[in-house]
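Notes to accompany the following structure.
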Amino acid sequence: MVKKWWHNTIGYQIYPKSFQDTNGDGIGDLKGVTAHLDDLADLGINVIWLCPINKSPMKDHGYDISDYEEIDPMFGCKDDLVELIQEADKHGIKILMDLVVNHTSVEHPWFQKALAEPNGKYGKYYIIKEGKDGREPNNWRSIFGGSAWEQIENTNLYYLHLFTKWQPDLNWENPILREKIYEMVNGWLDLGIKGFRIDAISHLKKDFTYQDLPSDGIDGYVDGFPYFSNVNGIGDFLAELRERTFARYDAMTIGEVDEGLPPDILLDFIGENGYFSTIFDFCHAKFLINSAQWKGSLTEMIDALKKCLFAKQNTINGKGMLCNYLENHDLPRIVERFIPEEEIDFYSKSMTGSINFFMPGIVFLYQGQAIGMMNYKKESITAFQDPTTFTQYAEYLKNGMTEAEALAQINLETREHARTPMQWTSEPYAGFSKSKPWFAVNPNYKQINYESQKNDPDSLYSFYKKMVALRKSETYQDLFIYGDIVPMYETESGIIGYERRLNNKSVLIVINAKPNETVLLLSRKIKGVLLSNYKKIMLQDDVLRLQRFQILVLDSDKN
Ligand code: GLC
Ligand code: CA
């Protein structure tokens with residue numbers, strides 16, 4: 001593989017609203033990111049992805065952009081961004097933005113003009129169709145629930161919105177719109193942005209041959225994914241986007257694709273000449289330990305998860321870069337997704353963090369992950385903020401759940417858990433802000449916060465720091481980035497084991513994802529221990545006794 005600067009990335013995702021407030025309005029801002037660059041450099045990361053900071057009415061917390069050229073005043077101004085880019089550079093950190101180009105906000109001037117004149121120039125920037133027999137053009141369901149179409153007042157016209165009704169989809173078939181997007185993207189790259197995470201990229205192309213299909217729910221709608229997700233021909237748009245923008249700047253790009261990306265086109269996306277540097281896929285996102293599927297059965301869930309992780313590696317087979325992330329702003333905290341409540345502690349948290357960390361691919365951590373931030377379960381549905389939470393809750397009630405059941409389900413799965421303010425200190429509001437934050441701080445901040453962990457060699461934060469340092473170490477970085485992966489102990493239930501090999505080096509990773517001891521027979525001579533979440537290593541000859549939730553990275557002989 002031809003080496004690229006972004007192959008050696010330990011990325012860190014920031015949800016700016018919840019990272020650090022510096023002006024006392026209770027909302028995180030760009031200056032807050034700059035203020036923590038020393039801390040981020042201490043962890044060892046070298047790329048930051050900022051969730052959307054463009055001007056937005058914030059119906060979807062910034063994923064509804066009303067001005068692509070401007071920063072939302074809530075976060076600061078362009079000068080603040082330039083300052084962040086420059087200061088980050090001094091710390092060896094590059095800044096990526098979020099590129100949301102599947103849709104805009106309804107408040108974007110393009111959409112306002114489209115509404116005023118649906119058959120005019122700007123009407124062609126969006127997907128506007130005639131209704132059928134007094135209802136929507138077809139029965140597609142929005143990804144966020146309800147119809148994917150919204151009627152334009154006093155007309156028989158409807159606009160498509162795959163997400164909320166405040167996020168009308170852009171019409172990528174229109175070359176004029178595409179030009180506008182390229183211009184805008186290049187503007188940010190000229191400013192010093194080193195790349196983008198590209199939102200909802202699977203959906204740029206829609207298949208409009210599709211009419212109504214039999215509904216798959218009591219709402220009368222149907223899940224139309226095959227018709228708006230990685231549809232044939234999407235590659236033309238993505239290749240053009242790459243050529244006209246990213247490729248000219250050697251930018252790092254991460255496409256958000258859903259699980260449905262067929263293996264035969266995976267390399268078109270992330271192969272050497274792929275549309276993107278890497279992708280965020282949803283392979284592990286569906287694994288929830290307390291869901292009806294797993295009912296708390298950790299070993300079974302881990303076995304299914306490991307199959308999925310290895311299968312993905314096998315498909316890519318060293319010919320492209322996957323991205324090893326676990327948390328983001330759309331998912332509950334990882335430890336509660338994977339670990340039964342009664343087993344949550346330092347060992348299960350550190351084990352969880354390591355699950356895909358040493359696999360081929362680049363790494364992304366999410367704010368709060370390295371200190372083990374947890375879900376903050378709410379006692380009332382009104383304590384949530386996100387429109388999608390309310391739509392989901394209403395759907396549960398419609399489907400016959402009681403209010404208590406619906407709330408319990410929301411508390412299990414809501415993406416809002418990832419959005420509580422960052423827990424920096426044990427001071428009021430966790431040191432996130434001097435005034436009441438926009439979203440309540442998790443009351444556990446006195447026990448779980450950055451300040452109490454940063455200098456404690458036995459903390460979770462220190463463990464993450466060691467993982468980062470090992471991946472980045474001169475001796476092993478090439479092995480972790482470019483080395484082969486050879487799965488091991490595949491039939492051992494609850495064990496994730498594999499070898500990484502490059503030239504004459506070989507490293508063995510063994511993870512015991514079970515709350516009880518396990519014995520493994522080693523077929524390699526061990527030369528040294530590179531990392532463990534336990535002080536005691538129980539290795540005698542070729543017998544390795546793995547403690548509860550132990551993870552070990554071992555330097556081993558190649559044969
Ligand atoms: C992506 C974002 C999510 C957002 C959606 C619509 O999935 O990660 O937060 O709501 O796109 O833009
Ligand atoms: Ca602020």
Side-chain angles (χ1 to χ4, degrees), residues 13-36 49-54 56-66 68 71-77 80 84 96-106 108 142-145 148 160-170 196-204 225 228-229 254-260 279-282 285 323 325 327-332 364 366 384-392 414-419 421-422 429 431-439:
Q13 181 192 352
I14 289 186
Y15 196 70
K17 260 188 126 170
S18 302
F19 192 64
Q20 177 71 65
D21 173 29
T22 58
N23 63 349
D25 63 358
I27 304 171
D29 40 54
L30 285 171
K31 280 191 188 310
V33 179
T34 309
H36 284 290
W49 149 36
L50 298 169
C51 276
I53 51 170
N54 294 102
S56 163
M58 300 285 160
K59 290 285 189 199
D60 189 16
H61 301 273
Y63 283 96
D64 47 327
I65 292 174
S66 56
Y68 282 116
I71 306 289
D72 196 282
M74 165 188 291
F75 299 123
C77 61
D80 295 341
L84 170 61
L96 312 185
M97 279 171 77
D98 212 310
L99 186 61
V100 189
V101 289
N102 175 69
H103 45 266
T104 67
S105 155
V106 284
H108 196 291
S142 145
I143 294 169
F144 285 168
L160 181 74
H161 60 89
L162 293 186
F163 296 91
T164 71
K165 66 176 179 192
W166 301 286
Q167 293 162 296
D169 279 54
L170 286 165
F196 298 93
R197 174 267 192 181
I198 303 130
D199 186 65
I201 200 66
S202 297
H203 309 303
L204 289 195
F225 266 81
F228 50 68
S229 211
I254 313 155
E256 186 204 24
V257 305
D258 42 59
E259 220 196 320
I279 47 171
F280 285 128
D281 69 41
F282 292 3
C323 185
Y325 78 99
E327 291 196 3
N328 67 23
H329 66 293
D330 289 331
L331 293 165
F364 253 87
Y366 181 64
F384 289 103
Q385 298 244 359
D386 184 14
T388 66
T389 306
F390 303 123
T391 317
Q392 192 60 60
T414 178
R415 60 183 189 168
E416 291 192 68
H417 287 317
R419 302 176 178 187
M422 177 70 192
Y429 306 129
F432 161 74
S433 174
K434 294 260 181 280
S435 22
K436 191 170 174 221
W438 71 277
F439 195 34

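These numbers come from the heavy atoms of this one structure, side chains and all, not from hydrogens, waters or symmetry mates. Note that ligands are numbered from 1 as they come in the structure, with each ligand's atoms numbered from 1 the same way. The first residue in the sequence is number 1, and the count goes up from there.
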Please list, chain by chain and in numerical order, all residues satisfying side chain to side chain contact (heavy atoms under 4.5 Å, CB included) with S202, sequence neighbours excluded.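 Applying side chain to side chain contact (heavy atoms under 4.5 Å, CB included) to S202 gives S229, N230, V257, D258.
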Quick one, C77 with I71, criterion side-chain contact (heavy atoms from CB on, under 4.5 Å). Give me CA distance, side-chain angles, the key distance, then yes/no. CA-CA 6 Å; C77 61; I71 306 289; 5.5 Å; no
Looking at residues at least two apart in the chain, or sitting in another chain, which of them share a side-chain hydrogen bond (donor to acceptor under 3.5 Å, both in side chains) with D60?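 Here the qualifying residues are Q167, R415.
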Measure from the ring center of [X] to the ring center of [Y] and say whether it is less than 6.0 Å.
X    : Y    : answer
F439 : H61  : no
F144 : H161 : no
W49  : F280 : yes

Please report how many protein N/O/S atoms lie under 3.0 Å from the Ca ion (ligand 2).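 Count of protein N, O, S atoms less than 3.0 Å from the Ca ion (ligand 2): 5.
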Evaluate the side-chain proximity of D80 to D29: yes if any heavy-atom separation is below 4.5 Å, no if none is.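 No, too far: nothing below the 4.5 Å cut-off.
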Under a strict 4.0 Å criterion on non-hydrogen atoms, which protein residues are in contact with ligand 1?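 Those residues closer than 4.0 Å to ligand 1 by some heavy atom are D60, Y63, H103, F144, F163, Q167, R197, D199, E256, H329, D330, R415, R419.
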Go through it in stages, so that I can follow the logic: the residues are T22 and T34, the test is side-chain contact (heavy atoms from CB on, under 4.5 Å), and I'd like the CA-CA distance, side-chain angles, deciding distance and then a yes or no. CA-CA 10 Å; T22 58; T34 309; over 6 Å; no
Full working for salt bridge (Lys or Arg N to Asp or Glu O under 4.0 Å) between D330 and R419: CA-CA 9 Å; D330 289 331; R419 302 176 178 187; 3.1 Å; yes
